[in-house]
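Numbering starts at 1 and runs along the sequence shown. Please read all numbers here as calculations on a predicted model, not as lab measurements. Both backbone and side-chain heavy atoms feed into the values below; hydrogens, waters and symmetry mates do not.
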Amino acid sequence: MQSSTSGSVTASVLKRTLLRKDPTFSESDHGYRTFGEVLRNLAERGIVELGTGPAAGDPEVSLPERDEAGDAFALVAAVVSESDGPSALSGLKNHLRKRRPDFSEKALGYRNFLQFCRAAAEAGAVTLRWDDDAEDYLVTT
C-alpha cells in the first residue's frame, strides 16, 4: 500500500484494506484487544513505524527503510571476491544461494538475476562484462 498510494497509510485505512482482503480478520484471533495494540506490537519489533496521523488514535503506518538491495549487492561482491578470478553469471546465483539459501532477486524487485547484477554493477559493488569466449557475462569485484 505504501508504494502504491500517493498519501500516507493510516491505521484505519490499513485495517479496512485487511478486512477487504480477508473479511474474517480479527485481532482478537491473534491475542490482541484492538488493532492499535497489534500495530504497537509490530512497531516495538521494528516491523512497522508509527507516526502522527490526521486524527488522534489513527496513526500513520509505514515500513521502516531497509537497504536489502545494498546487503544483497555486498553479498554478491563477497561471493565473487572469494572465487578464483571472474565468476560466470550463469553459475553465480547458485553460489549466492549456498551462502544465503533465501536469496531471491525477485524479492528485491528485480525481474531476473541479470537485472539484479546490472544494478549491483551500477552501484559499484561488482563489474559485469560480456565475454565472447565464455558466451556468458563475467562478474568481478
What closest approach, in Å, do [X] and [Y] show between heavy atoms, and which atom pair accounts for it?
X: A120; Y: V76; value: CB-CG1, 4.1 Å
X: L138; Y: A134; value: CD2-CB, 4.4 Å
X: T10; Y: V61; value: C-CG2, 4.2 Å
X: A11; Y: L39; value: CB-CD1, 3.4 Å
X: L92; Y: S87; value: CD1-CB, 4.2 Å

| request: Apply the test side-chain contact (heavy atoms from CB on, under 4.5 Å) to residues L128 and R118: give CA-CA distance (whole Å), side-chain angles for both, the deciding distance (0.1 Å), then the verdict. | output: CA-CA 7 Å; L128 182 68; R118 284 183 174 149; 3.6 Å; yes
From [atom1] ([X]) to [atom2] ([Y]), nearest 0.5 Å:
X: K93; Y: N112; atom1: NZ; atom2: CG; value: 8.5 Å
X: K106; Y: Q115; atom1: NZ; atom2: CD; value: 9.5 Å
X: S104; Y: F116; atom1: OG; atom2: CZ; value: 10.0 Å
X: L14; Y: S62; atom1: CG; atom2: OG; value: 11.0 Å
X: L89; Y: C117; atom1: CG; atom2: SG; value: 5.0 Å
X: K15; Y: E27; atom1: NZ; atom2: CD; value: 3.5 Å

| request: Begin with the C-alpha distance, continue with both residues' side-chain angles, and end with the deciding distance and a verdict on side-chain contact (heavy atoms from CB on, under 4.5 Å) for L75 and R100. | output: CA-CA 9 Å; L75 172 67; R100 199 171 99 196; 4.0 Å; yes
Between the main-chain N or O of [Y] and the side-chain N or O of [X], is there a donor-acceptor pair closer than 3.5 Å?
X: D58; Y: G53; value: no
X: R97; Y: F103; value: yes
X: D136; Y: S90; value: yes

| query | If two hydrophobic side chains count as joined below 4.5 Å and joins carry through other members, does L114 share a cluster with L96? | reply |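 Yes, because L114 and L96 connect within a single hydrophobic cluster, where side-chain heavy atoms sit under 4.5 Å apart.
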| task | With side-chain contact (heavy atoms from CB on, under 4.5 Å) as the test, would you mind laying out the steps for T34 and V38 before giving the verdict? | result | CA-CA 7 Å; T34 65; V38 172; over 6 Å; no
| query | With the threshold set at 4.0 Å, does a side-chain nitrogen-carboxylate oxygen contact exist between E105 and R111? | reply |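 Looking at R111 together with E105, the answer is no, because their closest N to O distance does not fall below 4.0 Å.
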| field | Any side-chain heavy-atom pair of R16 and L19 under 4.5 Å | value |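 No. Closest side-chain heavy atoms not under 4.5 Å.
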| field | Derivation and outcome, side chain to side chain donor-acceptor pair (under 3.5 Å), residues R40 and Y32 | value | CA-CA 11 Å; R40 284 188 296 281; Y32 298 97; over 6 Å; no
| said: Does D84 have more than 12 heavy atoms from other residues, nucleotides or ligands lying within 6.0 Å of its CG? | reply: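 Not more than 12 within 6.0 Å, no.
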| task | Flag the pair Y137 / F113 as yes when their ring centroid distance falls below 6.0 Å, and as no otherwise. | result |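 No: the rings miss the under 6.0 Å criterion.
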